[in-house]
Number of protein chains: 2
Amino acid sequence: MIRCPKCNQVHAINRSGIVRGMQRYFCKDCASYFTITNNTKPAPEVTGNKKHITTIGDIARALNISKSTVSRALHEHGDINAATKKAVTDMARKLHYTPNLLAQSLVKSRSNTIGIIVPEFLTYFFPTVIIGATEVATKAGFNVVICQSQESLKTEIANVNVLLANRVEGVLISMTKETKTFDHFRSLERHGVPMVFYNRVCEEIDCPKVLVNDYDGAFKATTHLIQAGFMNIAHIAGPVSLRLSNNRLNGYMDALKKNGLSVKKSLILHTDLSTEGTKQCAEKLLSMKNRPDAIFCVNDPAAIQVMLMAKQKGIKIPEELGVVGFSNDPMASIIEPSLTTVSQPVADLGRTAMRLLIASIKNGTESKEPIYLETELIIRASSVMAT
Amino acid sequence: MIRCPKCNQVHAINRSGIVRGMQRYFCKDCASYFTITNNTKPAPEVTGNKKHITTIGDIARALNISKSTVSRALHEHGDINAATKKAVTDMARKLHYTPNLLAQSLVKSRSNTIGIIVPEFLTYFFPTVIIGATEVATKAGFNVVICQSQESLKTEIANVNVLLANRVEGVLISMTKETKTFDHFRSLERHGVPMVFYNRVCEEIDCPKVLVNDYDGAFKATTHLIQAGFMNIAHIAGPVSLRLSNNRLNGYMDALKKNGLSVKKSLILHTDLSTEGTKQCAEKLLSMKNRPDAIFCVNDPAAIQVMLMAKQKGIKIPEELGVVGFSNDPMASIIEPSLTTVSQPVADLGRTAMRLLIASIKNGTESKEPIYLETELIIRASSVMAT
DNA sequence: CTGAAAGCGCTAACAC
DNA sequence: GTGTTAGCGCTTTCAG
């Protein structure tokens, strides 16, 4: 409701363009032009040393228009006068306006943010997953916040709470090796936040999961060792709490059985995945009276520990000890002899998981059948005698 | 203003405890107890399939008290009746209340969040910095959001904008190798968001910086090569855009000069840090007619590329080629021969940077003298003839 | 010790 | 096409 400052009436007012950034009006009654200067709120005082951050209101005031118009101009939002829009965007630039996502999220109750929880990111595996996942999320217009649980359940719970408090729209999770209670995941369910598990999945939660075909990878790896002539093959397995450990263990055992070899409990050791834990397993296996002639390890870092210890003990690889790892870590091709390993489509794992997550954010419930990505055996020097 | 439902008066009302989670009142006039059930807003309907997320208002309604009281009860906020507080916290648990950080941040204009920008995190360096920095931030009560610029200026700018839009309270930055314009950093300055640069610092911005003593590390490394008997030492340097490249280059050159060796421009090559780029440098140096007898590399990944190529060409390390890297990557101790390198206090770098950042968030401007952390030369097999 | 009310920055009907 | 209004969920004076 614009009132003419001269004739004080309100019905015969027209807009007449924008001059020096201010909306200009024309009163048809008294035939005069005017701009309105006194706004509801005074311009912010420069009190104290706190920097004032430009808001949509500042732009509105500077232009003598309403906040809604500014909001619309900034968002390609339906009908908006081209001149107004230009005035607004120019003024926004001039005042260095940055939208406040917190406020936007609050009113829209959508934060446009997705959380990713990784147990660690010192080895190449999880960073690579993150890169793949982020790529997909960014393309879909989501921001990503990365949390590392550091293999600690307590931290994982804290991570979930932070993500929840920040009202993320979905979470990608790979559990810690010590996660055996799942209330924090249920908490996400309760809040209606979709989850997708990848790599280290939680059986108890009904949601999409993306895995590598661990069983098949392990089966191929073990079969390869057998075909290469090894007869007494040990396995350093992962923590029993992780399903992937069991899948790889089963692949190993089935390969032995299928080839007529017996499964010896004494040759199956579980590491907690820490360097120390793995070293102990290696030590135990390598100092047996009836030493295994090959070891299939749950992952490459473990295989590398085995190789280092074997070297230290003067055990020749592969002549006296065949070694195979899992994951095709960059280290595997650097170490000597180079390490035979099972490669996984790591970035793809991230991409697939993120795609599923975004689908469940958008369409509600998704197919909950776990998705398995295939592995590839990469044969290198650690498992094959030079010919 | 509580009105008695029986006698309809308003002055003689007393609170009389909380029963079944509801505030109970007593009217002295008609001597009757009552609770008030009709609240300003009706309880949220379970419309559609959108999950309702418990708010402070839900708790207030359930207990027939005001939102302010709930807020206070939830925050140890001054005077609050112990019974009320218990009722509130119990009800909060019962309704699975999770505070909305977006709303809190909005009203407090403090997000309690700090951003960390890393150029990449596939090698161990940046993840380790992040772990150190996160540790300090968490202790100080800040959340951390990690952004990876993937060595792309465009992504770096996008990262800054996301952090800005999310109103982070401070940012830890290590630039991409291609960052040569700095408007996005100025944008942070303008918004009053403190920054601290680490490792790859920006000269143009006046703020705290944390670095490793690159010059000294390079000087020690080069001096070591000279003392080990190498005479014709090349250097694969980093991108000129990064100050650390120049610092390491200067350390290399000064060490040569100080030991009476001449600096040969032809033996100084710049890599862009990509595997491909480094390979080209290595190829060039290793196929010179007058091949250098040692190479000091700007970092370990580069040194490892050199070693791999040398092996491929049948050049013996260290007999025919001494190699020294920088950063003590885990790979350095795995490769054979093991790689001599300059180790940096990486996690400490992160911790120090985060401490400085938190200080500038809390106290405003900080000391802006760059801080240098010391390095240590780790001598391994790649630079020392077996005796 | 507690309630009412204002407002953080922004969007989204609803009017005109 | 644009202004008005009413919140999003929460904290924080200001009164009692």
Side-chain angles (χ1 to χ4, degrees), chain A residues 1-3 10-11 13-15 17-18 23 25 36 39-41 44 50 52-61 63-75 77-85 87-88 97-111 165-167, chain B residues 1-2 10-11 13-15 17-18 23 25 36 39-41 44 50 52-61 63-75 77-85 87-88 92 97-111 165-167:
Chain A
M1 192 84 73
I2 306 296
R3 184 175 301 277
V10 99
H11 297 294
I13 308 288
N14 272 151
R15 240 162 251 274
I18 291 177
Q23 178 62 252
Y25 298 94
I36 297 189
N39 229 305
T40 345
K41 253 179 261 171
K50 286 215 171 170
H52 170 76
I53 296 183
T54 304
T55 73
I56 199 183
D58 297 330
I59 301 176
R61 197 173 313 111
L63 258 38
N64 236 304
I65 59 180
S66 77
K67 289 192 300 174
S68 2
T69 304
V70 174
S71 175
R72 276 186 289 249
L74 256 20
H75 286 79
H77 219 308
D79 295 331
I80 183 99
N81 182 312
T84 312
K85 182 165 173 180
V88 168
Y97 171 73
T98 318
N100 187 328
L101 243 53
L102 302 173
Q104 274 180 194
S105 305
L106 185 58
V107 51
K108 297 210 273 202
S109 6
R110 295 195 38 230
S111 65
N166 280 294
R167 298 296 188 262
Chain B
M1 194 85 72
I2 307 296
V10 97
H11 298 295
I13 308 290
N14 272 153
R15 240 164 251 273
I18 291 177
Q23 178 61 252
Y25 299 93
I36 297 189
N39 229 306
T40 343
K41 253 180 261 173
K50 285 213 173 174
H52 171 75
I53 296 184
T54 304
T55 72
I56 201 181
D58 297 331
I59 301 177
R61 196 174 315 111
L63 258 35
N64 236 303
I65 58 179
S66 76
K67 289 192 299 174
S68 356
T69 304
V70 175
S71 174
R72 276 185 290 248
L74 256 19
H75 293 281
H77 219 307
D79 296 329
I80 184 100
N81 183 312
T84 312
K85 182 164 172 179
V88 168
Y97 172 73
T98 319
N100 186 328
L101 245 53
L102 302 172
Q104 276 181 194
S105 304
L106 185 58
V107 49
K108 298 210 272 202
S109 5
R110 294 194 40 230
S111 65
N166 279 295
R167 300 296 187 261

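We name chains A, B, ... by the order of the sequence lines, and we start the count at 1 in each one.
In this structure, A:L102 places its CG atom 20 Å from P of C:dG7, rounding to the nearest Å. Between B:R167 atom CZ and C:dC8 atom P there is a gap of 14 Å when expressed in whole angstrom units. Rounding to whole angstrom units, NE2 of residue A:H75 and C1' of D:dG1 are separated by 18 Å. Separating the CG atom of B:N100 from the C1' atom of C:dC8 is a distance of 13 Å, rounded to the nearest angstrom. Straight-line distance from the CG atom of A:L63 to the C1' atom of D:dT2: 13 Å, rounded to whole Å. Atom C1' of nucleotide D:dT11 and atom NZ of B:K108 are separated by 8 Å, given to the nearest angstrom. If you measure from atom CD1 of B:I80 to atom P of D:dT12, you get 14 Å, rounded to the nearest angstrom. Taking atom NZ on B:K67 and atom P on C:dA4, their separation rounds to 11 Å, with Å as the unit.
Among all heavy-atom pairs drawn from B:Y97 and B:L74, the shortest one is CE2-CD2, 3.7 Å. Across all their heavy atoms, B:N166 and B:S111 have their closest contact at O-CB, 4.0 Å. Across all their heavy atoms, B:A60 and B:K67 have their closest contact at CB-N, 3.8 Å.
For C:dT2, the OP1/OP2 oxygens have a side-chain nitrogen or oxygen of B:T84 closer than 4.0 Å. Contact annotation: B:S66 side-chain N/O to C:dA4 OP1/OP2 distance is not under 4.0 Å. Contact check, B:T69 against C:dG3: a side-chain N or O comes under 4.0 Å of OP1 or OP2. Between A:Q104 and the phosphate of C:dC10, there is no side-chain N or O to OP1/OP2 separation shorter than 4.0 Å. Proximity of A:S109 to the phosphate of D:dC8: no side-chain N or O atom is located under 4.0 Å from OP1 or OP2.
In this structure the side chain of B:L63 never reaches within 4.5 angstrom of the side chain of B:T84, judged on heavy atoms. Under the 4.5 Å side-chain criterion, counting only non-hydrogen atoms from C-beta, A:H52 is in contact with A:D58. Using a 4.5 Å cut-off on side-chain heavy atoms (C-beta onward), A:T54 and A:T98 make no contact. Side-chain contact between A:R167 and B:I53 is present, with heavy atoms from C-beta onward closer than 4.5 Å.
Backbone-only contact: A:T55 has heavy atoms under 4.0 Å from sugar-phosphate atoms and none from a base.
Looking only at atom types and distance, the side chain of B:S66 has a donor-acceptor partner in the side chain of B:T69 under 3.5 Å away.
The listed nucleotides are C:dC10, D:dC10, C:dG9; the one nearest the side chain of B:A103 is D:dC10. With C:dT11, C:dC1, D:dG9 as the candidates, the nucleotide lying closest to the side chain of B:N81 is C:dC1.
Taking the nucleotide of DNA chain C with the nearest heavy atom to each of B:A82 and B:V107, the more 5' of the two is matched to B:A82.
For C:dA4, the base has a donor-acceptor partner in the side chain of B:S68 [N/O atoms by modelled type, under 3.5 angstrom].
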Under 3.5 Å, which protein N or O atoms sit close to an N or O of nucleotides 14-16 of chain D? Give each pair with its distance.
none

